[in-house]
S.K.: 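Have a look at this one.
Every chain is numbered from 1 and lettered A, B, ... according to where its sequence line falls, protein lines coming before strand lines.
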Amino acid sequence: MPDELSAADIIAESAGPKAVAETDRAPSEEPEQFSPRLANARDMIITEHVDKWFGDFQALDDVSLRIKEEEIVVILGPSGSGKSTYIRCLNRLEEHDAGRIVIDDIELNEDVRALQAIRSEVGMVFQQFNLFPHLSVLSNITLGPQKVRHMPKLEAEALAMQLLERVGIPEQADKFPAQLSGGQQQRVAIARALAMQPKIMLFDEPTSALDPEMIKEVLDVMQELAESGMTMIVVTHEMGFAREVADRLVFFDEGALVEQGTPEHFFTNPREERTKLFLSQIL
Amino acid sequence: MANMPAAPRERIVLPPHRQRARRPRSVRAREWVRKNLFPSWRGTLLTALAAGVLGAVVVGLIAFVFFGANWEVITHNRWLLFAGGFPREEAWRLWFSIALVFALIGLAYGTWSSLGRRDHLFVLLVGGFVIFLMAHGGAAVWSSIYFLIAVGCMYIGYLLTYRLPRATSSMRTLQVRLVGALLILALPIVLVVLLAGGNVGIRDLDGFVLNLILAPVGIVGGILIGIPLALGRASSLKSIAWTCTAYIEIVRGAPLLGWLFVALFILDDIIGGDLIIRAMVVMAVFTGAYMAEYIRGALQALPRGQYEAGQAVGLSQYQRMRLIIMPQALRISIPPMVGQAISIWKDTTLVTVILPLRELKGNADSAISQFEFTPDRIEAYVFVAVIFWIVAFMMSRVSQRVERAQGVGER
């Protein structure tokens, strides 16, 4: 597995003239380095100066980030750095206290209808899967399309079977979540999110609760999804995935966006001390 | 997006599990006995002691039941105990209700569970007991036949649903909804059967029949009151939360006995109505406070991720509650709610203590106040105790079944 490579391997492998050229830019203002393939893509997510407080604790500190359509962004950071809070703000599982969040041209605010519209466009996959244990796998997936999109039952079931096919477990449709392995459950959770036909997928540490042998099957599904042109934001510690799939890495620490750049930039020549320290601990 | 071919996935094939050999039954039985009954000399001593106590009780009981006791107090007063002042010429209403409820029990069993050998044995024992009571000391042939018909209805209901194919999900959904609706409607239907037409007044509900009506009214009413109370107490709107909290804490702060006094002396001025109706209201209000707390506990026990997953899928708050939270919360709260149901079942005897209403225990008091039966008070109370035990035991068994049937989706 790629993530078992040592730091030295990765650095040796991905070091190249391109990476050096990119890091030559002035580091004073945080540079936004979009992958060339996204040069003409429109902005899918815009966050400007977002703050989030939990009581006296500042979880997000002036976070600004633009994400293009079809871009794959991996968010890194130590625990408590605000990376989960950030993506949970994007579908308002947490309400931001200041700043502006615009998803697909809809501003996220108190407006319930805007929120409803955004939530049906943004799929989310959780660390703990959060499947509905009292519903079968199939019903877990059809619930959203049926109840939110008012899709007829048969159509919803056909869609669900298609998605189960896509994540590789059509034979589990009639089982209950508890009868599935962790990896299978997470794949069902991905199918459940996809059933709403979202434009954006948020992944909140999708492999952190999995046994090592199941991580790959979930990452494979995510990689396939990335290749299909989904806009994805992934909070993860899977460096192999970050290096291979991401267009851009973003590093959070203490609620602030510390550094961002291409995988090459991060793995060869990170600029900030905190980034270096974090990467040296995790690689 | 659906036409993206899934990447071929390599699978790890494990060798098949080695079939573990099982030791012969006799060896396992011997092992079980040694381990569970005679593990050491101390254990052996305790087993012997327990066997002695148990044996003495059983022998004493058998001697009392079959030789010492005079059961005429029961057989002679069986109508008094069963229905008391209920008009005898309207007895068909009782039998019809019993058959209805039995059939429904059968339907429910067939839908969610299956009857095992123990269940058949239980039916046989209880049925035999009832027939024995009715046949003894009186030519109650018809009652016996009605009762057998009711039991037959139960088995017909069971066979009707048990044979239905469970695989096709739409059929299954329909079946579950239909039987569920019947279960919910059972109580009102029975009340209509008993009271419709005006020949029977609500005050005619008497004896064991009164227990059988009061307890379900308390339990069903309690759940109906408890669900909104639990949601209200968990509400972020403080005015609602405080109101619900006040209700729960005040109601739980006094015993049912006290609330029945309220029904007798205070509710008369407020809601009026027959004393039985007031007693029903008090039972439901009282049970509701407890049910609310069990449901609230279950709501808090649900992981936050369940709420969030519902949000992330785009469900509205009402949909989240109805489709995700409540089904799970109610399942978690089944055991304590059944505990409360059993408790309120036994507490139906309190209406005799406080109110001039006569249920099974009250009518047993009347039975032994007859001159010729005054020496037989032990028989009368043993009988009442056994009846209460049978129903309580059934409730706890059914709850185990429900838990198991619902447990498929357990984490």
S.K.: Using heavy-atom distances under 4.5 Å, tell me whether Q146(A) contacts chain B through its side chain, its backbone, both, or neither.
M.R.: neither

S.K.: Locate the shortest heavy-atom distance separating F126(A) from A309(B); write the atom from each residue and the value.
M.R.: CE1-CA, 3.8 Å

S.K.: Tell me the closest heavy-atom pair linking Q116(A) and G314(B), and the distance in Å.
M.R.: NE2-O, 2.6 Å

S.K.: Atom CZ in F132(A), atom CG in L315(B): separation rounded to 0.5 Å?
M.R.: 6.0 Å

S.K.: Could you pull out the closest heavy-atom pair between L323(B) and K147(A), with the gap in Å?
M.R.: CD1-CG, 3.6 Å

S.K.: Check the pair Q128(A), E308(B) against side-chain contact (heavy atoms from CB on, under 4.5 Å), reporting the backbone distance first and the verdict last.
M.R.: CA-CA 11 Å; Q128(A) 298 295 341; E308(B) 291 180 351; over 6 Å; no

S.K.: Measure the NE2-CD1 distance between H134(A) and I324(B) for me, rounded to the nearest 0.5 Å.
M.R.: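 That separation rounds to 6.5 Å.
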
S.K.: When heavy-atom pairs shorter than 4.5 Å are enumerated against chain B, which of R88(A), R92(A), Q223(A) gives the highest number?
M.R.: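 With the most close heavy-atom pairs to chain B, the winner is R88(A).
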
S.K.: Between R192(A) and chain B, with a heavy-atom cut-off of 4.5 Å, which part of the residue counts as in contact: side chain, backbone, both or neither?
M.R.: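 When you check distances to chain B, only side chain atoms of R192(A) fall under 4.5 Å.
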
S.K.: Measure distances from Q319(B) to the heavy atoms of chain A and classify the residue's part below 4.5 Å as side chain, backbone, both or neither.
M.R.: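 Contact with chain A involves the side chain of Q319(B) alone.
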
S.K.: Does CZ in R42(A) sit with more than 12 non-hydrogen atoms of other residues, nucleotides or ligands closer than 6.0 Å?
M.R.: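 Yes.
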
S.K.: I need the minimum non-hydrogen distance between V148(A) and V313(B), along with the two atoms involved.
M.R.: CG2-O, 4.0 Å

S.K.: A quick test of your reading: do over 12 heavy atoms of other residues, nucleotides or ligands sit less than 6.0 Å from CG of D174(A)?
M.R.: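 Open.
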
